[in-house]
There are 2 protein chains.
Amino acid sequence: MSTAGPRPRRATIRDVALEAGVSRGTVSRVLNGEPYVSAQAREAIERAVARVGYVPNSAARNLATRRSQAIGFIVHEPHELFLEDPNIGAILLGANRVLSGSDHQMVSLVIDSERDSRRVARYLSGGFVDGAVVVSARQDDTLLTTIARLSIPATLVGRPPATSRVPWVGIDNKGAARAITEHLVGTGRRRVGMIAAALDRDSGADRLAGFRDALGPAFDRRLVVENQLYEYTAGRTGMIELLEREPEVDGVFAASDAIAAGALDALRAAGRRVPEDVGVVGFDDSSWALRCQPLLTTVHQPARQLGEAAAASVLAQLRGTATDEPAGGLLETHVVVREST
Amino acid sequence: MSTAGPRPRRATIRDVALEAGVSRGTVSRVLNGEPYVSAQAREAIERAVARVGYVPNSAARNLATRRSQAIGFIVHEPHELFLEDPNIGAILLGANRVLSGSDHQMVSLVIDSERDSRRVARYLSGGFVDGAVVVSARQDDTLLTTIARLSIPATLVGRPPATSRVPWVGIDNKGAARAITEHLVGTGRRRVGMIAAALDRDSGADRLAGFRDALGPAFDRRLVVENQLYEYTAGRTGMIELLEREPEVDGVFAASDAIAAGALDALRAAGRRVPEDVGVVGFDDSSWALRCQPLLTTVHQPARQLGEAAAASVLAQLRGTATDEPAGGLLETHVVVREST
DNA sequence: GATCCTTCTGTGAACGGTCACAGAAACCCC
DNA sequence: GGGGTTTCTGTGACCGTTCACAGAAGGATC
């Protein structure tokens with residue numbers, strides 16, 4: 001297939017008007033479902049649209065309305081994780097469902113470097129999107145500053161820094177972490193460790209805080225292994241590290257299901273039985289949890305609903321119907337007991 | 001949709017012209033890096049751009065140039081798989097790399113129902129994208145018809161139906177399947193089965209054909225279990241089914257790594273040792289392969305490069321520099337021997 | 001029958017860029 | 001100094017919509 005050639009000119013609103021014997025204005029009104037159009041004109045226009053194969057030109061509409069009908073879905077994670085993490089995936093699906101339901105296009109943007117960050121900032125300023133859902137922003141994210149400066153309607157998934165006034169949706173990571181740690185301790189574990197991750201984000205920091213809370217005086221800093229990311233390999237190496245530091249460990253709270261899966265494999269390789277020798281719990285209740293052997297006890301997090309809520313919040317801001325509480329909404333979590341404890 | 005509130009008016013090309021004391025035309029030329037602009041004017045304009053905080057308006061540019069600077073990335077799979085399948089993810093990353101490198105925005109579109117299909121068709125006709133990369137189209141896909149009708153530059157990942165003249169990139173699924181089956185047989189297996197999937201697509205059908213080829217007269221239809229999708233659970237149930245049909249089975253070709261991972265878990269649950277009792281091979285060399293215990297022998301597929309090649313092909317079509325061979329390019333694959341055989 | 005709604009329609013001016021064209025300025029060569 | 005390039009600049013038309021405004025037609029009310 002060679003030359004792009006001049007694409008065949010497509011039918012415009014004028015062609016439709018001509019064909020239907022009315023004016024552009026009337027056609028526009030029909031297209032946008034406005035009242036005050038006679039049934040007769042409406043019908044003629046609909047027939048004309050079909051006959052000339054008219055499709056609205058979005059660029060022209062965007063220019064005239066100064067809106068793009070697109071919402072950015074911004075993820076601040078390495079590209080790989082964006083695809084691997086089922087949690088982010090579920091949030092994305094939820095957001096997409098709500099957005100496409102209200103005739104908005106979702107545009108995914110991944111930030112994985114300083115360069116990406118600038119590119120995305122430029123993209124946001126360029127009027128490509130009317131609003132944005134921001135996932136896993138860091139506490140010190142420059143993106144949040146950009147958004148505030150441009151006053152683009154945006155909603156965060158996860159708790160923003162205290163100083164920020166951006167709306168958000170999230171879960172009570174601290175409370176949930178406390179709950180699942182208490183469950184773990186409740187199965188009679190004495191030496192409980194944690195494979196933590198992403199401490200530069202609210203989710204990571206809060207999960208560690210909840211863990212510490214639950215253990216109280218029994219908390220031992222030595223039994224906490226820290227990682228950058230919520231990922232499988234971090235679980236594997238983290239577990240090996242933990243076994244070295246404390247061979248007697250009999251309980252592990254992994255900061256995510258993927259980490260737990262890695263930890264389970266490391267434990268198996270080390271000849272420990274789960275749950276007999278060591279109890280393991282995760283966080284997320286993502287597809288990893290059901291892929292584990294044994295099936296993972298974890299915190300169910302309503303990831304899809306988080307995406308839906310965030311998208312709905314952005315749309316509400318766009319319509320100007322946002323309730324005026326800048327604070328965020330917390331969605332419910334609960335502990336799901338399976339076979340690993 | 002009610003009032004969105006008047007966003008603060010942003011600087012336009014006219015403001016820049018005024019500020020720099022030149023005309024719109026000259027500003028436009030500088031912005032697009034055209035020659036024939038004096039150093040003096042160029043400098044004044046660059047300063048003015050910074051001073052007024054000018055950002056080009058894409059809708060206006062798109063309208064005038066009749067281009068959108070966006071390329072669709074269309075995946076015809078269930079939403080879940082889109083996120084779970086690391087193979088698709090790698091293709092996506094490759095495509096994105098090439099596209100963002102040449103200043104195009106990639107827009108992902110997932111088709112998961114007849115309704116989605118229509119929505120995407122409308123999207124394509126709406127001039128939202130200048131071209132498209134299409135992944136995992138079915139053999140009878142109506143999408144291909146739409147693309148042909150609109151004559152949108154597009155490239156398929158995977159071999160299209162014989163009748164279609166759309167450019168494509170892919171791998172030799174049949175040859176690769178034959179090669180890995182031969183490897184499996186070469187380790188002394190006598191009763192070799194296959195967990196096949198996605199037979200309605202070229203990849204699935206070709207992998208089965210290659211398997212059949214390799215076995216020759218030893219091929220036994222009874223030892224082929226069929227599934228809809230390339231997914232973990234299909235591997236698990238497929239393996240159980242296979243063990244029921246033929247308890248003596250000592251070799252398994254899984255149509256994807258995810259399927260192989262499921263098969264491995266089912267084999268472990270059934271008390272079979274891998275590779276001692278049963279040899280297992282997969283396909284893709286995705287992140288699943290390294291997550292398996294034992295590590296999976298598989299076919300390495302250059303997924304990322306497939307994405308890059310497909311994107312490059314679309315861009316070439318857009319520029320009109322496409323070589324005039326409508327046929328596709330085959331990328332190399334090779335067998336990676338690890339621990340499971 | 002004059003007045004006032006309500007319903008419906010057409011028109012011109014944006015929206016913010018690009019592009020072709022015309023013309024000015026500078027340079028070169030005889 | 002006249003003619004021909006080459007380099008640089010400004011202008012008006014256009015891309016395909018929406019939107020505000022003006023005005024026509026018809027019905028109800030006095």
Side-chain angles (χ1 to χ4, degrees), chain A residues 6-45 48-49 52-70 103 122 125-128 130, chain B residues 1-4 6-46 48-49 52-70 103 125-128 130:
Chain A
R7 287 228 212 132
R9 206 183 72 79
R10 288 207 320 254
T12 76
I13 205 171
R14 278 165 230 269
D15 300 325
V16 175
L18 204 66
E19 178 81 17
V22 296
S23 72
R24 288 169 305 131
T26 307
V27 175
S28 176
R29 275 183 280 268
V30 169
L31 258 28
N32 293 301
E34 283 170 32
Y36 298 147
V37 178
S38 68
Q40 183 187 350
R42 172 163 279 130
E43 205 181 313
I45 289 168
V49 163
V52 303
Y54 169 78
V55 185
N57 177 315
S58 53
R61 172 174 290 172
N62 294 348
L63 180 59
T65 59
R66 292 144 143 196
R67 260 181 261 130
S68 68
Q69 292 293 88
D103 220 23
R122 198 163 50 95
S125 340
F128 289 83
D130 297 334
Chain B
M1 238 76 349
S2 70
T3 61
R7 287 228 212 131
R9 206 183 74 81
R10 287 206 319 252
T12 75
I13 205 171
R14 279 164 228 267
D15 299 325
V16 175
L18 205 65
E19 177 81 17
V22 296
S23 72
R24 290 168 300 131
T26 307
V27 175
S28 175
R29 275 183 281 268
V30 168
L31 259 27
N32 293 302
E34 282 171 33
Y36 298 147
V37 178
S38 67
Q40 183 188 349
R42 170 164 280 131
E43 206 180 314
I45 289 168
E46 274 160 7
V49 164
V52 303
Y54 170 78
V55 185
N57 176 313
S58 54
R61 173 174 289 171
N62 294 349
L63 179 59
T65 59
R66 292 145 142 193
R67 255 177 273 127
S68 68
Q69 292 293 88
D103 219 23
S125 338
F128 290 82
D130 297 335

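Chain naming here is simple, since letters A, B, ... match the order of the sequence lines and numbering starts at 1 in each. FYI, side chains are in, hydrogens and waters are out, and symmetry mates aren't considered; it's all heavy atoms of this structure.
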Under 3.5 Å: donor-acceptor pair, side chain of A:N32, backbone of A:R29: no

Given C:dG17, is OP1 or OP2 found less than 4.0 Å from the side-chain N or O atoms of B:Y54? yes

For A:N57 and for B:S23, find the nucleotide of DNA chain D with the closest heavy atom, then tell me which residue's nucleotide is more 5'. B:S23

Any side-chain N or O of A:Y36 under 4.0 Å from OP1/OP2 of C:dC8? no

Does A:R24 contact C:dG12 through a side-chain donor or acceptor facing the base, at a distance under 3.5 Å? yes

What is the distance from CD of B:Q69 to P of C:dG17, rounded to the nearest Å? 15 Å

In this structure, how many angstroms lie between the P atom of C:dG16 and the CG atom of B:D15, rounded? 9 Å

Residue met sooner reading DNA chain C from 5', once A:A39 and A:G25 are mapped to nucleotides: A:A39

Chain A reaches DNA chain D, atoms under 4.0 Å from its heavy atoms, from D:dG16 to D:dT18

Side-chain donor/acceptor of A:D130 to backbone N/O of A:R67, under 3.5 Å: no

Determine the contact category for A:A59: base if any of its heavy atoms lies under 4.0 Å from a base atom, sugar-phosphate if only primed atoms, P, OP1 or OP2 are that close, otherwise nothing. nothing

Quick one: A:R61 CZ to C:dG16 C1', roughly how many Å, whole number? 18 Å

Give, for atom OG of A:S58 and atom CG of B:L63, the distance between the pair rounded to the nearest 0.5 Å. 9.5 Å

If you round to the nearest 0.5 Å, how far is CD of B:Q40 from CD1 of B:I45? 10.5 Å

Spacing of B:N32 atom CG relative to C:dG17 atom C1', expressed in whole Å: 9 Å

Roughly, in whole Å, what's the span from CZ in B:R14 to P in C:dA14? 10 Å

What pair of heavy atoms forms the shortest contact from B:A17 to B:R24, and how long is it? CB-N, 3.9 Å

Give the minimum heavy-atom separation between B:A41 and B:V37, together with the two atoms involved. CB-CG1, 4.1 Å

Taking all non-hydrogen atoms of both residues into account, name the closest pair between B:Y54 and B:I13 and its distance. CE1-N, 3.5 Å

When the distance from CG of B:L31 to C1' of C:dC19 is rounded to whole Å, what number comes out? 15 Å

If you look at every strand shown and take non-hydrogen atoms under 4.0 Å, does B:N62 touch a base, only sugar-phosphate, or nothing? nothing

To the nearest Å, give me how far apart CZ (B:R29) and P (C:dC19) are. 11 Å

Integer-rounded Å distance: C:dG17 P and B:L63 CG: 12 Å

